[in-house]
Every structure is written in structure tokens, then in C-alpha cells.
Amino acid sequence: MTGKSRIPCEGKDLPPCTTAETTVISPGEKAALRKTLAAARKALDPVQKQQWDARICANVLAWWDAGKPGHIGVYWPLAGEPDLHPAYAALARAGVRLALPVVHQKDAALGFAHWEPGEAMVRDRMGVAVPQLLRPVERPQTLMIPCLGFNRHGYRLGYGGGYYDRTLAPHPRPLTLGIAYALAAASFADDPHDVALDLIITEQS
Ligand SMILES: Nc1nc2c(c(=O)[nH]1)N(C=O)[C@@H](CNc1ccc(C(=O)N[C@@H](CCC(=O)O)C(=O)O)cc1)CN2
Ligand SMILES: Nc1ncnc2c1ncn2[C@@H]1O[C@H](COP(=O)(O)OP(=O)(O)OP(=O)(O)O)[C@@H](O)[C@H]1O
């Protein structure tokens, strides 16, 4: 990977801004932005998507190698999110404990459950895959978080449930690694409850 594919956030050597300055948008415009970004991601050519997923996996593993965190909250991909299963398998082989997010309750923080690649999964009410045998764990110190969109300050746009925002609110904050395709870069103002991600990894080289 190259340094460019990791986008450092919160004023740490920000790369040159290639988009317009962060813009305040109305809730209606935010909803429209979510729709546009989701459509762009879903329209990706499957072969292209696989290549980008492989690059993101390589970038994630290079990032892991630098700090070797022992417990990581990952995600099971939905709605065209980058599929990083090969990286998860490599992390598990390296002895990293993995956890998946679990929605226990609407309007609440996410829970986390221990997960090993290959174990039996079921879909929850929201259509998200979770381990059939739920083994709750504490919030990992390091979280990989899928982004529908992200802005140049490292703020994330999700599906609008506020689950990750609530999860990140309590201190001490975990180390957060946003995962997205570069096409998810967008211009929007952060809300007061938004917490900037520490780093965003894309396929970009
Ligand atoms: N991969 C992943 N897991 C996650 C999140 C996420 O953003 N991504 N979440 C972050 O908060 C929580 C769940 N949030 C969700 C937000 C929206 C939908 C949703 O729109 N589901 C569609 C089906 C999508 C599909 O399977 O393609 C639906 O119910 O119609 C599901 C879960 C916890 N797990
Ligand atoms: N820390 C928090 N405490 C209480 N409510 C919150 C908190 N963070 C976000 N919310 C609420 O959650 C709702 C959705 O927030 P936002 O639009 O930022 O979602 P999102 O980050 O795109 O979604 P998600 O995190 O689920 O992917 C907002 O109405 C907001 O008021």
C-alpha cells in the first residue's frame, strides 16, 4: 500500500482537499446524499469491487502490522460495503480476537459479540449477520467501521441509526478505522454528536 490510501484525520497531516469545503446540509439533503452514495456503491462492477476489496484487505493488514492490536471489532458486510473476510481470516490466524457489532436495542449503543471466521451465523431483525451463538464481549479498543460516506475531516456518514455514534460517545474512546471505497468521499458538515474517525482506509493508491 502507499501512504495515500490511509487518510489521516483530525488535522494530522491532512492530504490536499480535492472536494469542496465541508458544507452544512439539511436533513433532507443528508438523506439524498446517503441515497446517492449507496447507489454509487451498489453500482460498482463486481470485478472492480473484488479488486478494491483485495486492496483494502492488504491496506488493513499493513495497518495492523504496524500496531498489532489484539482485539478488533470488525463488521459483516451489508449493502455493498467492502467485504474484508480474507483480512479477517488472516487476522484470526495471527491470533487477533475478533468481534462483530450487535444491535440489541434501537436508539442505543451497539453491543459486541466474539466471532471466529467460519462459525454459524444467523440474520438478526435488521438483516445483519450475527453469530448464532452470541458470546458478548466488551467494546473492543479498536474498531473497524464501515462508512457510507466520509468527509475530509474524518467524519462518517452511516445509515442514519446513530448506532456507531452512540457506541463511540463514551470515553475512553476506541481507536477507529473507517473503511470505505474512495468514491464515498463527500462534503458534509458533522453534527455535534459525530465523533471523528482516527483513520480512513480505502482502496486508493
Ligand atoms: N456491516 C454493518 N454492520 C452493522 C452496521 C453497519 O453499518 N454495517 N451498523 C451500523 O449502525 C449496525 C446495524 N445497522 C444497520 C443499518 C441499516 C440496515 C439496513 O438498511 N438493512 C437493510 C438490508 C441491507 C442488506 O442486507 O443489504 C434492510 O433492513 O432493508 C441494517 C443494519 C450494526 N451492524
Ligand atoms: N451519542 C448520541 N446520543 C444520543 N443520540 C445520538 C448520539 N449520536 C447520534 N444520535 C442520534 O442518532 C441519529 C442518527 O445520527 P446520524 O445521522 O449521525 O447517523 P449515522 O452516523 O449516519 O448512523 P450510524 O452510526 O447508525 O451508521 C440522530 O438523530 C442523532 O440524534
Side-chain angles (χ1 to χ4, degrees), residues 9 22-44 46 49 52-53 56-57 60 72-88 98-115 117 121-132 134 136-137 139-140 142-151 153-174 176-181 184-198 200-202:
C9 304
T22 299
T23 314
V24 177
I25 54 176
S26 68
E29 287 169 323
K30 207 167 178 182
L33 179 59
R34 281 194 174 96
K35 228 172 153 178
T36 304
L37 291 169
R41 199 169 64 184
K42 277 203 165 154
L44 267 181
K49 183 178 188 311
W52 285 355
D53 287 355
I56 296 175
C57 280
V60 164
I72 306 181
V74 297
Y75 65 89
W76 189 284
L78 59 92
E81 290 168 346
D83 182 347
L84 307 187
H85 273 89
Y88 301 162
L98 301 176
L100 285 172
V102 182
V103 176
H104 289 301
Q105 209 180 314
K106 201 175 172 310
D107 298 335
L110 294 165
F112 288 88
H114 179 71
W115 174 66
M121 305 293 287
V122 289
R123 290 218 176 254
D124 70 7
R125 281 173 295 143
M126 304 188 70
V128 184
V130 294
Q132 189 169 32
L134 271 189
V137 294
R139 184 188 68 178
T142 304
L143 295 180
M144 283 168 52
I145 305 181
C147 307
L148 183 54
F150 63 88
N151 73 14
H153 302 294
Y155 286 96
R156 162 182 179 272
L157 189 68
Y159 301 114
Y163 294 108
Y164 274 111
D165 294 321
R166 289 188 188 85
T167 305
L168 299 181
H171 289 268
R173 296 222 161 112
T176 51
L177 193 63
I179 304 290
Y181 299 117
S187 186
F188 57 90
D190 48 288
D191 288 319
H193 59 253
D194 285 334
V195 178
L197 300 165
D198 293 302
I200 293 172
I201 285 187
T202 74

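Computed from heavy atoms alone, side chains included, the values below leave out hydrogens, waters and symmetry copies. Just so you know, ligand 1 is whichever comes first in the structure, and atom 1 is the first atom listed for that ligand.
Closest non-hydrogen pair, Val74 versus Pro101, comes out as O-CD, 3.1 Å. Closest approach of Ala99 to Val137, counting heavy atoms only: CB-CG2, 3.8 Å. Taking each heavy atom of Leu197 and Gly178 in turn, the nearest pair found is CD1-CA, 3.8 Å.
Within 4.0 Å of ligand 1, counting heavy atoms only, the contacting residues are Tyr75, Trp76, Leu78, Ala79, Glu81, Pro101, Val103, Leu110, Met126, Val128, Pro146, Tyr159, Tyr163, Tyr164. Protein neighbours of ligand 2 below 4.0 Å, counting non-hydrogen atoms: Lys30, Arg34, Arg156, Leu157, Gly158, Tyr159, Gly160, Gly161, Gly162, Tyr163, Tyr164, Asp165, Arg166, Ala169, His193, Asp194.
By the 4.0 Å N-to-carboxylate-O rule, Arg166 lies close enough to Asp107 to be salt-bridged with it.
Side-chain contact of Tyr163 with Lys106: a donor-acceptor pair under 3.5 Å is absent, judged by distance alone.
His85 meets the ring pair (Phe, Tyr, Trp, His ring centres under 6.0 Å) test with Trp76, Tyr88, Trp115; sequence neighbours excluded. Looking at residues two or more places apart in sequence or on another chain, you find no salt bridge (charged side-chain N to carboxylate O under 4.0 Å, His left out) involving Lys35.
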Let's go through Tyr181 and Asp53 carefully: what are the C-alpha distance in whole Å and the side-chain angles of both, what is the deciding distance for side-chain hydrogen bond (donor to acceptor under 3.5 Å, both in side chains) to 0.1 Å, and is it a yes or a no?
CA-CA 9 Å; Tyr181 299 117; Asp53 287 355; 2.4 Å; yes
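Taking CD from Glu81 and CD1 from Ile145, the interatomic distance works out to 11.5 Å, rounded to the nearest 0.5 Å.
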